[in-house]
Structures are given as C-alpha cells and as structure tokens.
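Each chain gets a letter, A, B and so on, in the order its sequence line appears, and its residues count up from 1. Quick caveat, the model's predicted, so the values are computed rather than measured.
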Amino acid sequence: NAGVTQTPKFQVLKTGQSMTLQCAQDMNHNSMYWYRQDPGMGLRLIYYSASEGTTDKGEVPNGYNVSRLNKREFSLRLESAAPSQTSVYFCASSGGYSGSGGTYNEQFFGPGTRLTVL
Amino acid sequence: AQSVTQLGSHVSVSEGALVLLRCNYSSSVPPYLFWYVQYPNQGLQLLLKYTSAATLVKGINGFEAEFKKSETSFHLTKPSAHMSDAAEYFCATMDSNYQLIWGAGTKLIIKP
C-alpha cells in the first residue's frame with residue numbers, strides 16, 4: 001500500500017517549457033487535489049477532482065490544467081512554465097465528505113515535487 | 001469566506017517544555033478544523049481533527065487541541081516537547097465547498 005505517489009520528485013524547467021506532474025493513489029479515494037506550497041503562504045489549492053470524471057478550479061488555477069485519468073490518477077500540466085510557478089507541488093487524496101452530519105475524511109498527501117523554473 | 005490565522009511563523013521551545021501553537025479561524029457552522037504536520041522534505045500528515053464530537057481532541061505523538069467557540073480558536077498543545085517534534089505545523093478549516101483552507105504554517109524549533 002503505497003498511499004499517494006508523485007513523479008517526478010525534482011524538476012528544473014526553462015521558461016516556456018511544458019511538463020506534466022503525475023499523481024496516483026491506491027486507497028480507492030474519490031477526491032484528489034493539487035496544491036502548491038510557497039514559503040509563508042501555506043498551501044494553496046490549484047485544482048481538485050471531487051470524483052472520477054469531474055475537475056474544478058481552486059484558488060490559483062491560472063497557468064495549469066488537470067486531467068483525472070481514472071479513479072487512481074490525477075495529473076497536473078504546466079503548458080508554458082513561468083518563474084512564478086517555481087514551487088513545491090503536492091497531490092492529495094481523500095474519501096471526501098460523507099454528507100450532512102457526517103465527518104470529513106482526512107486528506108493524504110504525496111511526498112511532493114520540487115519544481116524550479118528558470 | 002472562511003479563513004485561518006496562525007500566530008507566529010516560528011515558535012522556539014526547549015526540549016521538555018510545553019508546546020503551544022496558536023490557530024484562530026473565522027466562523028463557519030459547523031466548523032471543521034484540522035492540524036497537520038510536515039516534517040522536512042516530506043508531505044503533510046494529519047495530527048488531529050475536530051468535527052464537533054468533543055471540544056478536546058487528542059492526536060498522534062502526544063498532541064492535543066481544544067476547540068473554543070467563544071474565542072474562535074483551536075490551539076495545538078503538547079505537554080513536553082521532543083526533538084522529533086521539530087517540523088512545520090498547519091492549521092486548516094473547511095469551506096462551504098468542503099475544501100480545506102490553510103493557515104500559513106508555524107515552524108516549531110526545539111532547543112536542546
């Protein structure tokens with residue numbers, strides 16, 4: 001049981017290059033998330049997928065696209081990288097919210113991808 | 001809109017001393033509140049969560065947090081700090097779309 005895995009762990013890009021960050025979970029979770037983490041700013045949600053076949057914008061979606069390939073996999077694409085996208089990117093998954101009166105299931109995080117855009 | 005404020009970007013305590021990390025949230029009914037920990041170069045993991053069952057919540061590694069509605073606070077405490085507690089701690093709440101809203105984080109430094 002690997003939990004949430006992310007590839008690659010590190011990446012250096014030049015401005016204008018494109019790349020896709022991969023994320024997979026083996027916990028049969030419905031919901032998956034992409035965050036970026038910048039010093040002093042906590043985590044900011046880029047995109048999320050509440051269930052297979054759906055995706056929604058988060059707080060900072062500009063410059064990114066996502067694909068929920070199947071229940072296990074959720075990828076994040078940078079079409080034309082910019083220095084402002086230098087960050088640590090985390091993928092997370094959860095069982096989601098159970099409904100009225102139910103409990104919110106915790107999010108499980110991957111180890112992160114450290115991206116530098118020159 | 002919901003928000004979370006963590007007081008102090010860095011907190012330094014001596015080994016064996018009380019750990020107190022502060023978190024205040026903007027009101028949401030009902031509030032769902034979380035503390036996560038991030039060890040260096042790792043992802044985040046859940047320490048504990050409040051979902052209205054009990055105001056004092058116990059988590060992993062000896063941490064606990066008390067929900068105080070009148071103060072809109074959810075401070076994290078541990079009676080005796082250990083060197084292995086050095087990490088960054090994040091408080092979070094949930095918005096109306098069931099997405100997590102994160103505080104900026106507090107780095108806990110443990111002095112030997």
Side-chain angles (χ1 to χ4, degrees), chain A residues 2-7 9-10 21 23 25 27 29-51 54-61 88-114, chain B residues 1-11 21-25 28-54 57 59-60 65 67 74 87-107:
Chain A
V4 179
T5 57
Q6 292 183 236
T7 55
K9 286 187 168 52
F10 301 92
L21 282 65
C23 174
Q25 52 92 9
M27 295 173 282
H29 284 164
N30 288 320
S31 302
M32 297 186 74
Y33 311 83
W34 276 106
Y35 292 95
R36 60 178 290 172
Q37 183 180 31
D38 302 291
M41 301 188 73
L43 277 80
R44 292 183 291 170
L45 183 64
I46 304 171
Y47 271 93
Y48 66 99
S49 171
S51 61
T54 69
T55 60
D56 286 286
K57 295 178 179 179
E59 180 185 355
V60 289
V88 181
Y89 291 85
F90 288 100
C91 178
S93 71
S94 80
Y97 185 64
S98 303
S100 177
T103 60
Y104 182 87
N105 293 311
E106 69 178 277
Q107 292 186 15
F108 292 81
F109 283 78
T113 294
R114 283 154 182 77
Chain B
Q2 284 75 31
S3 66
V4 171
T5 302
Q6 291 184 242
L7 295 176
S9 58
H10 294 77
V11 169
L21 304 182
R22 299 178 187 273
C23 173
N24 289 89
Y25 64 93
S28 174
V29 181
Y32 292 96
L33 296 159
F34 308 83
W35 276 102
Y36 279 78
V37 60
Q38 184 181 30
Y39 297 103
N41 300 314
Q42 294 187 26
L44 283 75
Q45 65 181 86
L46 184 71
L47 267 181
L48 49 83
K49 64 182 179 182
Y50 169 78
T51 57
S52 76
V57 182
I60 62 172
F67 170 69
F74 191 56
E88 190 159 17
Y89 292 80
F90 293 91
C91 183
T93 189
M94 193 166 68
D95 70 12
S96 56
N97 292 319
Y98 311 124
Q99 304 308 320
L100 292 182
I101 306 298
W102 298 86
T106 298
K107 284 191 177 174

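Put simply, CD on A:E59 and CD on B:Q99 are 11.5 Å apart, with the number rounded to the nearest 0.5 Å. To the nearest 0.5 Å, atoms CD (A:Q107) and OH (A:Y48) are separated by 11.5 Å.
In this structure, the portion of A:Y35 lying under 4.5 Å from any heavy atom of chain B is its side chain and not its backbone. A:L45 touches chain B through its side chain: at least one heavy atom from C-beta onward sits under 4.5 Å away, while N, CA, C and O do not. With a threshold of 4.5 angstrom between heavy atoms, B:Q6 does not approach chain A through any atom at all. Interface remark: A:R44 contributes no atoms to any contact with chain B (heavy atom separation under 4.5 Å).
Residues B:F74 and B:F34 approach most closely at CE2-N, 4.1 Å, considering heavy atoms.
Considering only residues two or more places apart in sequence or on other chains, B:Q45 meets the side chain to side chain contact (heavy atoms under 4.5 Å, CB included) condition with B:V37, B:Y39, B:I60.
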